[in-house]
Amino acid sequence: HVVVGILINGFSNKGLMRDAVRFFLKAIDGGLEPNLVMFNTLIEGFCRVGKIEDALKIFKQIQANNLFPDVITYTAIMKAIADKKMSKMALNIFFQMIKQGFIPDAVSYCALIDGFCKQKKIADGYKVFDMMIRSGLLPDTATYNVLLNGLFREGRLEEVSQLFHQLSKRGAKVDVITYNTMINGYCCANKIGEALKFYEDMKAKRMEPSIVTLTILTDAFCKHRRMDEALQMFNSMLDNGPLPNVVTYSCLIDGYCKAQDIRSAYDLYDQMVEGTVSPNIITYSSLVHGFCREGRLDEASLVFQYALDRGLMPD
RNA sequence: CUAGAUGAUCAAGCUCU
């Protein structure tokens, strides 16, 4: 069962839902008794690619197989619905779930709160947060990370720093994602200086900056056309790790294009093609856009063709 | 006795709001 589950998850994670389902059905044909983990994996896979209808079809199959959904099942579906900007409906499902006797855990609360925060309905997010506390759950770091992010989105920087400083008092540990959230929030608010303070702070606390941390900063430098500093960040990643990934490269390529230095952008692209980090459709989109902006349409078409040659799907 | 598969929070382009 576990091996089959792992394989379904493998297909699912790559967005190959057709293969995931085909494999699942074949295993059943061979006499396998499906279990809830497999159904949940399929549901989450469909949800991740936005195919809620298909997810619900699988959901019905759970009962048809004399199994019962659990909190994980519901959370995956709630998140998918919230991602479609329908947090109200997600909340209804949440209540349904409770009516049916399931006890939501911190993960399901967090998913709901995040949905509201991302739709700039932080007041509703806080209502769910209050429900969470009333239910006796202690909000964890992830919950606070979601709230910090929501406050940033609304420009409520004063409350951000208050909350950040209360975290330990409230019994939540500050983790790398908390710092990344702070750094990214300040970068988006055009306060790179403040962001860099948190970057230093995290290092002083012996917390390892992640690939995301460094990419946030690289991108911020790029967006401010501070390409020297962006490149410095990038080189330090090559030297000391964590190694840049496709997102890091794409930030730089886009930055160079917009700084009208297509030459450097294209050099980086070459490095990718020759190296181990494959460009994706976003990388190509930045390059194509860069060439178009300069009126270099032939090169734009050529690069576009390269993307197709690599089997990438233009969106 | 113990281990292995499923759900939440952070980063990139374009478009739309």
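The A:Val107 side chain lies nearest to B:G7 when the options are B:G7, B:A11, B:U6. Nearest nucleotide to the side chain of A:Ile177, out of B:A8, B:U9, B:G4: B:U9. Of all nucleotides listed (B:U9, B:U6, B:G4), B:U6 comes nearest to the side chain of A:Thr41. Nearest to the side chain of A:Lys118, among B:G7, B:U9, B:A5, sits B:U9.
Residue contacts shown for A:Val2 include a base, since a base heavy atom lies under 4.0 Å away. Nucleic acid contact class of A:Ile216 (heavy atoms, under 4.0 Å, all strands): sugar-phosphate only.
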Can you check each nucleotide of nucleotides 12-17 of chain B against protein heavy atoms at under 4.0 Å and return B for base, S for sugar-phosphate only, - for none, in 5' to 3' order? BBS---
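Rounded to whole angstrom, the span from the CD1 atom of A:Ile113 across to the C1' atom of B:U9 amounts to 10 Å. The distance from atom CE of A:Met17 to atom P of B:U6 is 14 Å, rounded to the nearest whole Å. B:A8 atom P lies 18 Å from atom CZ of A:Phe116, rounded to whole Å. Atom C1' of nucleotide B:G7 and atom CD1 of A:Ile81 are separated by 14 Å, given to the nearest angstrom. One interatomic measurement links the two molecules: CG of A:Asn245 to P of B:C10, which rounds to 16 Å at whole-angstrom precision. Protein atom CZ of A:Phe129 is 13 Å distant from nucleotide atom C1' of B:U9, rounded to whole Å. One interatomic measurement links the two molecules: CG of A:Asn149 to C1' of B:A8, which rounds to 13 Å at whole-angstrom precision. If you take CG of A:Leu36 and C1' of B:G7, they are 11 Å apart, rounded to a whole angstrom.
Listed pair A:Asn180 / B:A11 fails the phosphate criterion, with no side-chain N or O lying under 4.0 Å from OP1 or OP2.
A:Phe116 has its ring centre no less than 6.0 Å from the ring centre of A:Tyr126. The aromatic ring centres of A:Phe164 and A:Tyr144 sit 6.0 Å or more apart. A:Tyr266 and A:Tyr256 have their aromatic ring centers separated by at least 6.0 angstrom.
Only A:Asp105, listed by number, bring a heavy atom of residues 94-105 of chain A to less than 4.0 angstrom from any atom of RNA chain B. Of all the residues in residues 46-78 of chain A, A:Val71, A:Ile72, A:Thr75, A:Ala76 reach under 4.0 Å from RNA chain B with at least one non-hydrogen atom.
By the 4.0 Å N-to-carboxylate-O rule, A:Glu194 lies close enough to A:Lys197 to be salt-bridged with it. Remark: A:Lys79 engages A:Asp83 in a salt bridge, criterion side-chain N to carboxylate O under 4.0 Å. A salt bridge between A:Lys118 and A:Asp114 is present, with a side-chain N of the basic residue lying under 4.0 Å from a carboxylate O of the acidic one. Look at A:Lys57 and A:Glu53 and you find no salt bridge, because none of the NZ, NE, NH1 or NH2 atoms lies under 4.0 Å from a carboxylate O. Ion pair A:Asp29/A:Lys26 not flagged as a salt bridge, since none of the NZ, NE, NH1 or NH2 atoms sits closer than 4.0 Å to an Asp/Glu carboxylate oxygen.
Across A:Tyr306, A:Tyr249, A:Tyr269, A:Phe304, a single residue satisfies ring-ring contact (aromatic ring centres under 6.0 Å, His included) together with A:Tyr284, and that is A:Tyr269.
Proximity of A:Arg153 to A:Ile122: side-chain heavy atoms (C-beta onward) are nowhere separated by under 4.5 Å. The side-chain heavy atoms of A:Gln260 and A:Arg293, taken from C-beta on, include no pair separated by under 4.5 Å.
A:Ser12 and A:Asn9 are not linked by any side-chain donor-acceptor pair at a separation below 3.5 angstrom, with hydrogens and angles left out of the test.
Side-chain to base pairing of A:Asn145 with B:A8: no donor and acceptor N or O lie closer than 3.5 Å to each other.
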